[in-house]
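Heads up: the structure comes next, in structure tokens.
Residue numbers start at 1 and run along the sequence shown.
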Amino acid sequence: MIIAIEIVGWTGAVLILVAYLMVSAGRLTGQSAAFQWMNLVGAACFIVNSGWHGALPSTVLNILWLLIGIVTLWRIAGSARRTKPQPTSAQPSSGERQ
């Protein structure tokens, strides 16, 4: 079990580090869903690892990190729904000229 917890922790570290690297290199933006998902999953992994080890400050920090990711992903999804083009009808409505 201890090995699994360590693997989860290292996976979280790699995800958060790669997300930061990608934003710093200009390959992702901070508002991209990919960046937010990497941070969200990384934080979840850190919660498991730091909670197992009894590191309360790290656990609380990562819970907040995860919540920020969830809120940001919610906003990204809402923005995508609002900007999605509406389908248009091929036939004119009864009030339009033909």
Side-chain angles (χ1 to χ4, degrees):
M1 181 69 157
I2 293 173
I3 297 293
I5 297 294
E6 294 306 316
I7 290 170
V8 168
W10 281 106
T11 300
V14 168
L15 280 169
I16 290 176
L17 182 61
V18 169
Y20 181 62
L21 175 66
M22 297 292 279
V23 165
S24 296
R27 307 286 264 161
L28 292 175
T29 69
Q31 291 300 309
S32 70
F35 176 76
Q36 294 301 325
W37 274 110
M38 291 170 79
N39 273 284
L40 188 144
V41 173
C45 291
F46 276 159
I47 291 166
V48 170
N49 184 273
S50 59
W52 174 268
H53 289 289
L56 188 58
S58 182
T59 303
V60 170
L61 171 70
N62 283 289
I63 289 169
L64 295 174
W65 195 281
L66 181 123
L67 292 174
I68 290 167
I70 290 170
V71 168
T72 304
L73 283 168
W74 182 271
R75 288 182 177 167
I76 290 170
S79 177
R81 281 191 300 271
R82 284 189 298 275
T83 60
K84 185 177 181 182
Q86 298 298 319
T88 58
S89 168
Q91 299 195 8
S93 68
S94 59
E96 294 179 357
R97 289 186 174 194
Q98 295 186 9

* **side-chain contact (heavy atoms from CB on, under 4.5 Å) against W37, all qualifying residues, sequence neighbours excluded** => A33, L40, V41, L73
* First locate atom CD of E6, then atom CE of M1, and finally report the distance between them rounded to the nearest 0.5 Å. => 11.5 Å
* Structure fact -> Those residues at least two apart in sequence (or on a different chain) that pass side-chain hydrogen bond (donor to acceptor under 3.5 Å, both in side chains) with Q31 are none
For residues 7-27, which side-chain N or O atoms pair as donor and acceptor with protein atoms under 3.5 Å away, sequence neighbours left out?
residue	atom	partner	partner atom	Å
T11	OG1	I7	O	2.7
S24	OG	Y20	O	3.0

* To do: State whether the side chain of T83 and the backbone N or O of S79 hold a donor-acceptor pair below 3.5 Å, judged by distance alone.
  => yes
* To do: For the residue pair I70 and Q36, establish whether any side-chain heavy-atom pair is separated by less than 4.5 Å.
  => no
* Structure fact -> Sorted by chain and residue number, the side-chain hydrogen bond (donor to acceptor under 3.5 Å, both in side chains) partners of T72 (sequence neighbours excluded) come out as none
Distance-only donor-acceptor hits, side chain of residues 56-69, under 3.5 Å, sequence neighbours excluded:
residue	atom	partner	partner atom	Å
S58	OG	N62	ND2	3.4
T59	OG1	S50	OG	3.0
T59	OG1	G51	N	3.2
T59	OG1	A55	O	2.9
N62	ND2	S58	O	2.8
W65	NE1	N39	OD1	3.0

